[in-house]
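Atoms considered below: every heavy atom in the structure, side chains included; atoms not considered: hydrogens, waters and symmetry mates. All values reported here derive from a predicted model rather than from experimental measurement.
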Amino acid sequence: QVQLVESGGGLVQVGGSLRLSCTASGRTFSAYAMGWFRQAPGSERKFVAAIVGSGSSTYYADSVKGRFTISRDNAKNTVYLQMNSLKPEDTADYYCAVRWSTNDSGTYWNDYDYDYWGQGTQVTVSS
């Protein structure tokens, strides 16, 4: 049974930091790209960041560039999202996802680029 479990969400003040983790089980994920998306109340799910299987390439939404960093530890089957300088508009449920393809070409910022999703972790940034 494949599972993606997000953790690390919580309540943080403006300007603070959080590190989200997404741990995969049931399959080895080192060959596959993984992404983070977020969904604020009343809004559609939006791309945040992605990383290819080797970790050699990363992609970010403009809204988080310079503040968020995606990384992965394939030995632990875990992908991370380090979030710094948090803003109220970063408040959302954050989801990790995996793409079952070893081909690194193509897009990474659409939710249909991914095949399997975690249940999400909530991040609230208070002002």
Side-chain angles (χ1 to χ4, degrees):
Q1 180 76 10
V2 173
Q3 273 195 312
L4 297 176
V5 179
E6 301 95 335
S7 61
L11 175 64
V12 64
Q13 291 189 329
V14 169
S17 298
L18 282 174
R19 188 177 81 155
L20 305 184
S21 299
C22 172
T23 299
S25 61
R27 189 169 177 175
T28 300
F29 284 72
S30 59
Y32 306 114
M34 297 190 72
W36 284 98
F37 285 71
R38 65 186 181 187
Q39 186 169 20
S43 298
E44 62 183 15
R45 189 162 55 189
K46 295 180 181 178
F47 172 72
V48 175
I51 186 167
V52 300
S54 65
S56 60
S57 296
T58 57
Y59 305 87
Y60 296 94
D62 287 343
S63 58
V64 306
K65 277 181 184 175
R67 300 189 299 123
F68 290 13
T69 302
I70 189 170
S71 62
R72 65 192 298 160
D73 184 340
N74 286 337
K76 296 182 178 180
N77 252 10
T78 299
V79 63
Y80 303 98
L81 185 68
Q82 177 67 44
M83 306 187 296
N84 299 329
S85 303
L86 283 162
K87 305 175 181 180
E89 52 264 42
D90 295 318
T91 295
D93 292 326
Y94 283 72
Y95 299 88
C96 70
V98 62
R99 186 163 88 171
W100 298 130
S101 171
T102 57
N103 185 344
D104 287 343
S105 63
T107 59
Y108 290 88
W109 44 86
N110 306 298
D111 54 6
Y112 59 74
D113 292 326
Y114 298 85
D115 301 298
Y116 196 83
W117 296 80
Q119 294 302 305
T121 186
Q122 188 174 57
V123 172
T124 302
V125 183
S126 65
S127 56

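Between the side chains of T78 and T23, at least one donor N or O lies within less than 3.5 Å of an accepting N or O. With 3.5 Å as the limit, one finds no donor-acceptor pair spanning the side chains of S101 and N103.
Under the 4.5 Å side-chain heavy-atom criterion for grouping Ile, Leu, Val, Met, Phe, Trp and Tyr, V5 is not connected to V48 through any hydrophobic cluster. Under the 4.5 Å side-chain heavy-atom criterion for ILVMFWY residues, no single connected hydrophobic cluster contains both W117 and V98. Hydrophobic clustering (side-chain heavy atoms under 4.5 Å, transitive across Ile, Leu, Val, Met, Phe, Trp, Tyr) groups V2 together with W36.
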Where do S7 and T121 land on the side chain to side chain contact (heavy atoms under 4.5 Å, CB included) test, with the steps shown first?
CA-CA 6 Å; S7 61; T121 186; 5.7 Å; no

Dump the intermediate steps for side chain to side chain contact (heavy atoms under 4.5 Å, CB included) on F29 and L4, then the final yes or no.
CA-CA 10 Å; F29 284 72; L4 297 176; 3.6 Å; yes

Determine, step by step, whether V52 and Y59 satisfy the side chain to side chain contact (heavy atoms under 4.5 Å, CB included) criterion, reporting the C-alpha distance in whole Å, the side-chain angles of both residues, the deciding distance to 0.1 Å, and the verdict.
CA-CA 9 Å; V52 300; Y59 305 87; 4.2 Å; yes

E6 vs Y94, side chain to side chain contact (heavy atoms under 4.5 Å, CB included): CA-CA, chis, key distance, verdict:
CA-CA 8 Å; E6 301 95 335; Y94 283 72; over 6 Å; no

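Note that CZ of F68 and OG1 of T58 are 14.0 Å apart. Values are rounded to the nearest 0.5 Å. Remark: R72 CZ to S30 OG distance equals 7.0 Å, nearest 0.5 Å. Taking CE of M34 as the reference point, atom OH of Y116 lies at 11.0 Å (rounded to 0.5 Å).
Annotation: Y114 is in aromatic contact with F37 [ring centroid separation under 6.0 Å]. Remark: aromatic rings of Y60 and W109 are distant, center separation not under 6.0 Å.
Proximity of V12 to S17: side-chain heavy atoms (C-beta onward) are nowhere separated by under 4.5 Å. At a threshold of 4.5 Å between non-hydrogen side-chain atoms, the residues D90 and M83 do not count as touching. At least one side-chain heavy atom of R38 sits under 4.5 Å from a side-chain heavy atom of V64. Here the side chains of L11 and S126 are in contact, with some heavy-atom distance below 4.5 Å.
Within a 6.0 Å radius of CD in Q13, other residues, nucleotides and ligands contribute 12 heavy atoms or fewer.
Remark: Y80 engages no residue in a side chain to side chain donor-acceptor pair (under 3.5 Å) (not counting sequence neighbours).
K65 has a carboxylate O that lies under 4.0 Å from a charged side-chain N of D62, or vice versa, which qualifies the two as a salt bridge.
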